[in-house]
Amino acid sequence: MAATGSPSLFPLLFFARISGLIVAALVISWALLFKSSFLPQSSSHEDLIYAVLHPLLMVIGFILISGEAILVHRWLPGSKSLKKSVHLCLQGLALGCGIFGIWTRFQGKDGIVANFFSLHSWMGLICISLFGAQWLMGFLSFWNRGEVRMVRVKVLPWHIFLGLYTYGLAVATAETGLLEKLTFLQTNRNVSKRSPESMVVNCLGLGLALLSGMIILAAVSPKRQSLQSKIMFKDSTTKYLSS
């Protein structure tokens with residue numbers, strides 16, 4: 001019996017990838033076309049590179065790659081060991097990009113404290129700390145075969161919850177960063193609310209919100225195969241009891 005009523009994950013994965021491409025295109029366009037917005041007039045060319053690298057690494061390197069790592073278990077064929085390997089490597093790459101992205105903020109001429117006074121910066125530090133702890137917990141609980149299976153089963157729901165929570169927190173942190181940057185530009189740089197740059201930043205924020213919804217929905221949606229297996233099991237059980 002086919003599980004015709006179960007939703008397919010293909011549309012979610014498709015739109016998630018399209019949303020990711022749009023987000024990547026927008027953040028690259030913002031970084032390349034409006035480079036002067038990332039830098040005070042008195043700063044050096046090196047500071048400009050660090051300022052531009054920060055949104056690129058945090059959006060493309062951290063959010064997009066970690067989102068792809070979340071979806072690995074939903075589309076990648078093969079054994080569980082292969083899926084875990086790819087998931088772990090992608091999350092490790094995302095963590096590295098996130099750490100380096102935050103490190104770029106330490107390179108400002110005003111010092112460390114001056115760059116970590118806002119809600120955006122506090123949320124970013126909390127997010128990267130949770131992400132690192134989550135990656136370490138995943139490595140110890142699932143990749144290390146010496147772990148007792150019962151312990152892995154108990155940890156799994158928390159691992160999934162913290163993973164999705166941290167991903168959502170990363171998107172929320174990016175949104176606060178976009179709002180902080182756009183407010184600064186419109187207040188101190190006299191950037192119009194209807195300027196091309198304002199539209200790019202607003203569209204980037206909407207793209208991130210759409211992307212996070214697609215990723216989380218695809219992550220929690222039941223697989224067609226698992227639904228079909230449950231229906232077949234129920235049908236076989238009903239036939240056995242009625243015979």
Margin query: Would you call the rings of H73 and H87 parallel, tilted or perpendicular, taking 30° and 60° as the class edges?
Written below: tilted

Notebook entry, point to check: Roughly how far apart are I215 CD1 and L71 CG, rounded to 0.5 Å?
Noted result: 4.0 Å

Next item on the list: Report yes or no: does T187 contribute a side-chain atom to a donor-acceptor pair with the main-chain N or O of F184 at less than 3.5 Å?
Entry: no

Item checked: I28 side chain reached by L56 side chain, heavy atoms, under 4.5 Å -> yes

Note to self: Looking at every heavy atom in both M58 and C97, which two are closest together, and how far apart are they?
What the structure shows: SD-O, 4.3 Å

Check: Can L21 be reached from M214 by stepping across I, L, V, M, F, W or Y side chains whose heavy atoms are under 4.5 Å apart?
Finding: no

Next item on the list: Locate the shortest heavy-atom distance separating C127 from T173; write the atom from each residue and the value.
Entry: CB-OG1, 4.4 Å

Check: Within the side chain of Q134, is there an N or O that forms a donor-acceptor pair under 3.5 Å with the backbone of H159?
Finding: yes

Next item on the list: Determine the minimum heavy-atom distance between K83 and P77, stating which atoms define it.
Entry: CE-C, 4.4 Å

Check: About how many Å separate CG of L204 and CG of L182, when rounded to the nearest 0.5 Å?
Finding: 10.5 Å

Check: Does the side chain of L9 reach to within under 4.5 Å of the side chain of W75, using non-hydrogen atoms?
Finding: no

Check: Quick one: do V23 and L13 end up in the same hydrophobic cluster if we chain Ile, Leu, Val, Met, Phe, Trp and Tyr together by side-chain heavy atoms under 4.5 Å apart?
Finding: yes

Check: Which of these passes side-chain contact (heavy atoms from CB on, under 4.5 Å) with F62: L93, I128, L57?
Finding: I128

Margin query: Please report the interatomic distance SG(C89) to NZ(K84), rounded to the nearest 0.5 Å.
Written below: 14.0 Å

Notebook entry, point to check: Going through the checks in order, is the side-chain contact (heavy atoms from CB on, under 4.5 Å) test met by L64 and L211?
Noted result: CA-CA 9 Å; L64 293 188; L211 173 66; 3.2 Å; yes

Notebook entry, point to check: Do you reckon I63 sits in the same ILVMFWY cluster as W122, going by side-chain contacts under 4.5 Å, direct or chained?
Noted result: no

Item checked: Check: W103 ring centroid to F106 ring centroid under 6.0 Å -> no

Note to self: Nearest 0.5 Å, please: how far is CD1 in I70 from CG in L90?
What the structure shows: 11.0 Å

Margin query: I need the minimum non-hydrogen distance between L164 and A219, along with the two atoms involved.
Written below: CD2-CB, 3.9 Å

Checklist line | For S19 against L210, the heavy-atom pair lying closest together | finding: OG-CD2, 3.5 Å

Margin query: If hydrophobic clusters are built from ILVMFWY residues whose side chains come within less than 4.5 Å, do I49 and L32 share one?
Written below: no

Check: Which value, rounded to the nearest 0.5 Å, describes the distance between I216 atom CD1 and L12 atom CG?
Finding: 12.0 Å

Next item on the list: Determine, step by step, whether F139 and Q91 satisfy the side-chain contact (heavy atoms from CB on, under 4.5 Å) criterion, reporting the C-alpha distance in whole Å, the side-chain angles of both residues, the deciding distance to 0.1 Å, and the verdict.
Entry: CA-CA 11 Å; F139 176 83; Q91 293 288 42; over 6 Å; no

Next item on the list: For the residue pair E180 and S118, confirm or rule out a side-chain donor-acceptor distance under 3.5 Å.
Entry: yes

Next item on the list: Could you go through the side-chain contact (heavy atoms from CB on, under 4.5 Å) check for L169 and F131 one step at a time?
Entry: CA-CA 10 Å; L169 182 61; F131 197 93; over 6 Å; no

Note to self: Once rounded to the nearest 0.5 Å, what's the spacing between atom CG of L53 and atom CZ of R105?
What the structure shows: 11.0 Å

Item checked: Under 3.5 Å donor-acceptor, W135 side chain and L88 backbone -> yes

Check: Could you go step by step and tell me if L208 and L178 meet the side-chain contact (heavy atoms from CB on, under 4.5 Å) rule?
Finding: CA-CA 11 Å; L208 285 170; L178 294 177; 4.1 Å; yes

Next item on the list: Ignoring hydrogens and angles, state whether a donor on the side chain of S37 or E197 is under 3.5 Å from an acceptor on the partner side chain.
Entry: yes

Margin query: Using only atom types and a distance under 3.5 Å, with no angle test, would you say the side chain of H120 pairs donor to acceptor with the backbone of T176?
Written below: no

Note to self: Can you tell me if F15 has over 12 outside heavy atoms packed within less than 6.0 Å of its CZ?
What the structure shows: no

Next item on the list: May I ask whether Y165 and M123 are part of the same hydrophobic cluster, defined by side-chain heavy atoms of I, L, V, M, F, W, Y residues being less than 4.5 angstrom apart, directly or through others?
Entry: yes

Item checked: S198 side chain to S192 backbone, donor-acceptor under 3.5 Å -> yes

Margin query: Tell me the closest heavy-atom pair linking L162 and M137, and the distance in Å.
Written below: CD1-CE, 4.2 Å

